[in-house]
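Below, all heavy atoms of this structure are taken into account, side chains as well, without hydrogens, waters or symmetry copies. Order of the sequence lines sets the chain letters (A, B, ...), proteins ahead of strands, with each chain counted from 1.
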Number of protein chains: 2
Amino acid sequence: MFFLKSLPTRNVLIEYKKRFPNMDIEAVESALNLLRQASLLERHLDAYFSTQGLSQLRFLILIVLDRENRKASLKSSDIADRLDISRPVMTRTIQALEKAKAVRISEDEFDGRAKVVSLTDCGRSILYNSLPGYYDIIRDFMERNRDSTVS
Amino acid sequence: MFFLKSLPTRNVLIEYKKRFPNMDIEAVESALNLLRQASLLERHLDAYFSTQGLSQLRFLILIVLDRENRKASLKSSDIADRLDISRPVMTRTIQALEKAKAVRISEDEFDGRAKVVSLTDCGRSILYNSLPGYYDIIRDFMERNRDSTVS
DNA sequence: TCCATCTAGTTACCATGATAACTATATGGA
DNA sequence: TCCATATAGTTATCATGGTAACTAGATGGA
């Protein structure tokens, strides 16, 4: 989350550059724009997900499972790796998803330490019901922000 | 924070579009790229800020104060508005900054409810010491990612 | 084979965002 | 003037990210 409603004007950046000459004005402008845009989009998505009983991460877990579930169930740690997220967060989140009947957690038959996660029919409907709204938010957001874009 | 290390390929998106025709493939690609890039940059910045005894938000508060402190001290709620952040978070964060001697909190002379926040010399040095490293991270990041850019 | 080391998952705890509900003060219309 | 309502800040609590340290199981070289 990055906030700063009104980004610094170019003049302000030029002032800072006088004192900190290693600053790259274009890079800073693009970076702040990137951070701000992404934070706004994340807020829209988070608000939407919470109406669906989901969160960013829960949604992504369902997406990953839907994408690769047919070949085999995924180990919890594989999902964590793919999502670039810590294992404790993974544990907590898949337990919440299991409680919501969206995933099934079972023992791995080859590795006694591992758990495998698979999507339930219920989980798949939650995901598929949420996707149209998700795509609408993205389309509207990208449309509205086509101009204030990141280089 | 948006994770998903490897974004969906175009083929995967095309598959989803068959089922969810309201999806705009270009928009989804751009949006996921935007979210991923911003999350990576935020991670770099957060890691850097924590070496400086700062956080994103503490840094931004110092920046806002530095930018506008000369004309008058800022009310806590004005900063919260500018940073688009909730007041409880503001309360907690300026109290932490006060404890670190980076800001001074005093009563507003016109409004008995309000508090005004101003940058201390110590706070200004913390900020100015952190800026060169901050600009370096941004420059390097934007350089490395000039190609994988957001439309 | 056996032990050192690695890995999967969990637990405990911290950081930092949010909202709801509270207190104290300000403000404006009857 | 006085009271209803609005606003500033705080407190309590939740959500969701992280790391450190733990348990249990896997693995590979002496």
Practice item. Ignoring backbone atoms, establish whether B/Gln95 has a side-chain N or O less than 4.0 Å from OP1 or OP2 of D/dT10. Key: yes
Review point. Does D/dT16 have OP1 or OP2 sitting under 4.0 Å from an N or O in the side chain of A/Arg58?
Key: yes
Study note, to complete from the structure: Heavy-atom closest pair (A/Ala31 atom, B/Ile138 atom, distance to 0.1 Å) is CB-CG2, 3.7 Å
Exercise for review: Report yes if a donor N or O on one partner sits less than 3.5 Å from an acceptor N or O on the other, where the partners are the side chain of A/Arg92 and the base of D/dG17; otherwise report no.
Suggested key: yes
Revision key, fill the gap. Heavy atoms of A/Arg87 and A/Ala80 approach each other most closely as CG-CB, 4.5 Å
Check your understanding: Can you tell me how far P of D/dG18 sits from CD of B/Glu42, to the nearest Å?
Key -> 12 Å
Check your understanding: So does B/Lys5 have more than 12 non-hydrogen atoms from other groups sitting under 6.0 Å from NZ?
Key -> yes
Exercise for review: Indicate the atoms forming the closest heavy-atom contact of A/Pro8 with A/Leu13, along with that distance.
Suggested key: CG-CD2, 4.0 Å
Review point. Side chains of A/Thr120 and A/Arg104: do they bring a donor and an acceptor to under 3.5 Å?
Key: no
Check your understanding: Rounding to a whole Å, what distance do you find between A/Phe49:CZ and D/dA15:C1'?
Key -> 16 Å
Practice item. Take atom CG of A/Asp46 and atom C1' of D/dC14, then tell me their distance rounded to the nearest Å. Key: 15 Å
Review point. Taking everything shown except B/Asn129 itself, do over 12 heavy atoms lie less than 6.0 Å from its CG?
Key: yes
Point to revise | Opening and closing nucleotides of DNA chain C in contact with chain B, under 4.0 Å to non-hydrogen atoms | key: C/dT16 to C/dA26
Study note, to complete from the structure: Residues A/Val64 and B/Leu4: closest non-hydrogen pair is CG2-CD1, 3.9 Å
Exercise for review: Find which nucleotide of DNA chain C each of B/Asp84 and A/Lys75 is nearest to by heavy atoms, and output the residue with the more 5' nucleotide.
Suggested key: A/Lys75
Revision key, fill the gap. To the nearest angstrom, the CG-P distance between B/Leu57 and D/dG17 comes to 19 Å
**Study point:** Within residues 100-113 of chain B, residues whose heavy atoms come under 4.0 Å of DNA chain C
**Key:** B/Asp111, B/Gly112, B/Arg113
Check your understanding: Can the ring centres of B/Tyr134 and B/Phe59 be said to be less than 6.0 Å apart?
Key -> yes
Revision key, fill the gap. Rounded to whole Å, the CG-P distance (A/Leu83 to D/dG18) equals 11 Å
Point to revise | Interatomic distance, A/Arg87 CZ vs D/dC22 P [rounded to whole Å] | key: 18 Å
Review point. Relative to the ring of B/Phe20, is the ring of A/Tyr128 parallel (under 30°), tilted (30 to 60°) or perpendicular (over 60°)?
Key: perpendicular
Practice item. Among the candidates D/dT10, D/dT19, D/dA8, find the nucleotide nearest to the side-chain atoms of A/Ser86. Key: D/dT19
Exercise for review: Give the rounded distance in Å between these two atoms: CD1 of B/Ile94 and P of D/dG9.
Suggested key: 7 Å
Point to revise | Sugar-phosphate, base or nothing in reach of A/Ser77, heavy atoms under 4.0 Å | key: sugar-phosphate
Check your understanding: How long is the line joining CE of A/Met90 and P of D/dG18, in whole Å?
Key -> 12 Å
